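Read the structure below first, then the notes.
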Amino acid sequence: MKTQKYVNIALKACTGLLLAVSLVLTFTVSDYYIFNRISFLDGEDSFNVFFVISQWIKKAGLLLIPLAVFYNKKSCADIAKYVLPVFVIISCCTFGNFFDVTMLAEGATPAEKVFASINEFMPKAANMALFTINSVLYLVVCALLIMRDGWKVSGRSYIWLPFAVVAVTPLNVFENFFDISNFSPSHPLWFKNFTVWHFLALAILAAFTIGSYYFLKKKDKARQQEFLAAAAIVLLIQYHSKDSVVMGDGYNVYYTVLACLPLFICNIGVYVASFSVIFKKRVLYAISFFVHAVGALTVFVYFGKDEMSNYGIFCSYSILYFCLTHCLLFALSVLPSALGHYKFKFKDCIIPLIYYCIVIIIAAIASGLVTSFLETYSYDGYSLKVGEGAGFDMSPPNYAFTQVCPLPVKLPIVPLTIWKCQMNVLYLILLYFAYVCLFWAFTGAYYAFLGIRKKTLAKLAGKVVAGEAPAAPVYLSGQEAAFEESAATADETAATSAEEEKESDKQNA
């Protein structure tokens, strides 16, 4: 028993260390740079297909291992024990010029040299050392899983391997089939506001959330929790893919690692929503439902001024990343409440309102400081031009929309200078109250929906009592189902107690 206890402790410790090292490695240019440069032969700017596939499977391991270790999922442990070691070894034998990757191409502009000097902060030796430690940890965790569970596996477990691989798909892999530089904003495939691609994204958001609800509501609470946790892990993996992509090819209008600071509302929401379903904390559920569901929804409805965005065509990394992460964020924000894991009460809005105010203040200060730093920093005698206008090199960080308004409106300026950056205090105040109104509108719509649904269900129940069959199956939301179940249980308990009392009276007589 003691041996098993020590194995479990070592397994959790090594898994935590593996996840931490994997996170640090996303802040290297090479980590995701390889997936849109696949070749059957190593080249100067391409990577061996076997190495790329092995790295992809290792990403799937970041989903499988936590589920196997912290949720005791035998199917995930079975896959990890015999699949991951093979691909870890292949990656160690086929890495080629992986550690020599740089974002600098021949004829790089002065601005690109500045980006590289900021982004490529990790020395090659450190990258190689972390890669080696990461590979060793994969093998150690797999060995510990064998010690915990034994050698035997179920063949049915491997059914889940394709799902895990698809869930962590590097979203820039599709760029092997087209050259993004061949497309311009005038191209019909380009993603912009109110195009067919925009409405398709909205439809996908609705279909994904509703489909996930009906898929999960038929399962018990434990299974629901496992699927929600798996979705949270996938969201975190896909979210941190952006770290490497920003540093290598750029994401949307951002090209420096400073854009990876989690100070955009939805970026913070990734952690809040994910941790809410992993740790099942009420305050995180409340913040996620009240704040981040609206944050994810509003950017789907309007992506901001077209000049603020550079998502590329509909299947480029930027738009695929945006749609996938925001679909997962919205679903993880609303599904716990819809499934009855958590019931939002009006008093629960107090902490989220304070939280959002603090986020706005921190985001505004950080946005001003980072913008000032980028304007001050120079490399090889060149400094970046930040902001709108002719000749600018990059957009300001604009954390939580605090620096540039996404709407095509102009406001009077009440200036606040942060280092070298001027912020508009009036805009920040209006931004806060505008989003608070949206939060309440979403919450009100949610309760209105529940009220209408309750009346509809009551009418259908009345028809059933009267002997009329309902026109369609009656489905209950998680909260309603929980209420109905508790009510039915109370009725059964009362009936049982009454029968017991009658029986006792008879015996006494």
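These numbers were taken from a predicted model, which means no experiment stands behind them. Values reported hereafter were calculated over all heavy atoms of this structure, with side chains retained and with hydrogens, waters and symmetry mates removed.
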Working for side chain to side chain contact (heavy atoms under 4.5 Å, CB included), residues Asn182 and Phe178: CA-CA 8 Å; Asn182 292 335; Phe178 63 88; over 6 Å; no
Side-chain donor or acceptor of Asn172 paired with backbone N/O of Tyr317 under 3.5 Å: no
Under 3.5 Å donor-acceptor, Thr371 side chain and Gly368 backbone: no
Reported OG1-to-CG distance for the pair Thr132 and Leu137, which is rounded to 0.5 angstrom: 11.0 Å
Exercise: identify the closest heavy-atom pair between Tyr302 and Phe194: CD1-CZ, 3.8 Å
Heavy-atom side-chain contact between Asp249 and Tyr255 under 4.5 Å: no
Quiz item: cation-pi between Lys58 and Phe131, 6.0 Å / 45°: yes
Main-chain N/O of Ile38 paired with Asn176 side-chain donor or acceptor, under 3.5 Å: yes
Partner residues of Ser244 under the side-chain hydrogen bond (donor to acceptor under 3.5 Å, both in side chains) criterion, sequence neighbours left out: none
Value rounded to 0.5 Å, distance of CG in Leu369 from CZ in Phe373: 11.5 Å
Side chain proximity check, Val257 to Val246, heavy atoms < 4.5 angstrom: no
Whether Tyr355 and His292 hold their rings parallel, tilted or perpendicular, with breakpoints at 30° and 60°: perpendicular
Show which side-chain atoms of residues 270-283 pair as donor or acceptor with protein atoms under 3.5 Å away, not counting sequence neighbours.
from: Tyr271; atom 1: OH; to: His240; atom 2: NE2; distance (Å): 2.9
from: Ser274; atom 1: OG; to: Val270; atom 2: O; distance (Å): 2.6
from: Ser276; atom 1: OG; to: Ala273; atom 2: O; distance (Å): 2.6
from: Arg282; atom 1: NH2; to: Lys343; atom 2: O; distance (Å): 3.1
from: Arg282; atom 1: NH2; to: Asp348; atom 2: OD2; distance (Å): 3.0

Closest non-hydrogen atom pair, Ser316 against Ile313: OG-O, 2.8 Å
His341 and Gln225, any side-chain heavy atoms less than 4.5 Å apart: yes
Any Phe47 side-chain heavy atom under 4.5 Å of Tyr33 side chain: yes
Closest contact, heavy atoms only, Gly295 versus Thr298: O-OG1, 3.1 Å
Listed partners of Glu112 passing salt bridge (charged side-chain N to carboxylate O under 4.0 Å, His left out), at least two apart: none
Partners passing ring-ring contact (aromatic ring centres under 6.0 Å, His included) against Phe215 (at least two apart in sequence or in another chain): Phe227
Tyr379 atom OH, neighbour heavy-atom count above 12 within 6.0 Å: no
Any donor-acceptor N/O pair, His198 side chain to Val301 backbone, under 3.5 Å: yes
Side chains of Ser22 and Asn134, donor plus acceptor under 3.5 Å: yes
Pairwise distance OG1(Thr169) to CG(Leu324) - rounded to 0.5 angstrom: 9.0 Å
Side-chain donor or acceptor of Ser367 paired with backbone N/O of Asn398 under 3.5 Å: yes
Expected output: side-chain Tyr213 to main-chain Leu335 donor-acceptor under 3.5 Å: no
Aromatic ring proximity Phe289/Phe344, centre distance under 6.0 Å: yes
Where Lys242 and Ala259 come nearest, the two heavy atoms and their spacing: NZ-O, 4.1 Å
Validation row: Thr443, Tyr447 side chains within 4.5 angstrom (heavy atoms): yes
Aromatic ring proximity, centroids under 6.0 angstrom, Phe99 and Phe95: yes
Flag, side chain of Asn252 to backbone of Ser318, donor-acceptor distance under 3.5 Å: no
Closest contact, heavy atoms only, Tyr71 versus Ala229: OH-CB, 3.3 Å
Thr28, Asp100, Thr102 screened by side-chain hydrogen bond (donor to acceptor under 3.5 Å, both in side chains) with Lys124, the one that passes: Asp100
Check: Asn193 side chain, Phe303 main-chain N or O, donor-acceptor pair, under 3.5 Å: yes
Ser288 side chain vs Tyr285 backbone, donor-acceptor pair below 3.5 Å: no
Check: Phe50 and Cys93 side chains under 4.5 Å, non-hydrogen atoms: no
Donor-acceptor pair between Ser117 and Tyr377 side chains, under 3.5 angstrom: yes
Partners passing side-chain hydrogen bond (donor to acceptor under 3.5 Å, both in side chains) against Asp31 (at least two apart in sequence or in another chain): Lys59
Closest contact, heavy atoms only, Leu263 versus Ala366: CD1-CB, 3.3 Å
Audit row: Ser186, Ser184, side chain to side chain donor-acceptor pair (under 3.5 Å) steps and yes/no: CA-CA 5 Å; Ser186 60; Ser184 68; 2.9 Å; yes
CD1 on Ile210 to OH on Tyr214, rounded to 0.5 Å: 7.5 Å
Parallel, tilted or perpendicular: rings of Phe439 and Phe290 (30°, 60°): tilted
Distance-only side-chain donor-acceptor flag, Asp243 / Tyr251, under 3.5 Å: no
From Phe314, Phe300, Trp197, residue fulfilling ring pair (Phe, Tyr, Trp, His ring centres under 6.0 Å) relative to Phe322: Phe300
Atom pair CG/CD1 of Asn267 and Ile265 - distance to nearest 0.5 Å: 9.5 Å
Rounded distance [0.5 Å steps], CE in Met103 versus NZ in Lys113: 12.5 Å
Backbone of Cys315 reached by a side-chain donor or acceptor of Glu175 within 3.5 Å: no
Contact check, side chains of Ile65 and Leu84, non-hydrogen atoms, under 4.5 Å: yes
Side chain to side chain, Met122 and Val24, heavy atoms closer than 4.5 Å: yes
Matching residue for Leu19 among Leu17, Val21, Thr15, Leu23 - test: side chain to side chain contact (heavy atoms under 4.5 Å, CB included): Thr15
Working for side chain to side chain contact (heavy atoms under 4.5 Å, CB included), residues Leu258 and Leu374: CA-CA 10 Å; Leu258 297 171; Leu374 292 172; 3.8 Å; yes
Atom CZ of Phe433: over 12 foreign heavy atoms under 6.0 Å: no
Contact list for residues 395-430, test ring-ring contact (aromatic ring centres under 6.0 Å, His included), sequence neighbours left out: Phe264-Tyr399
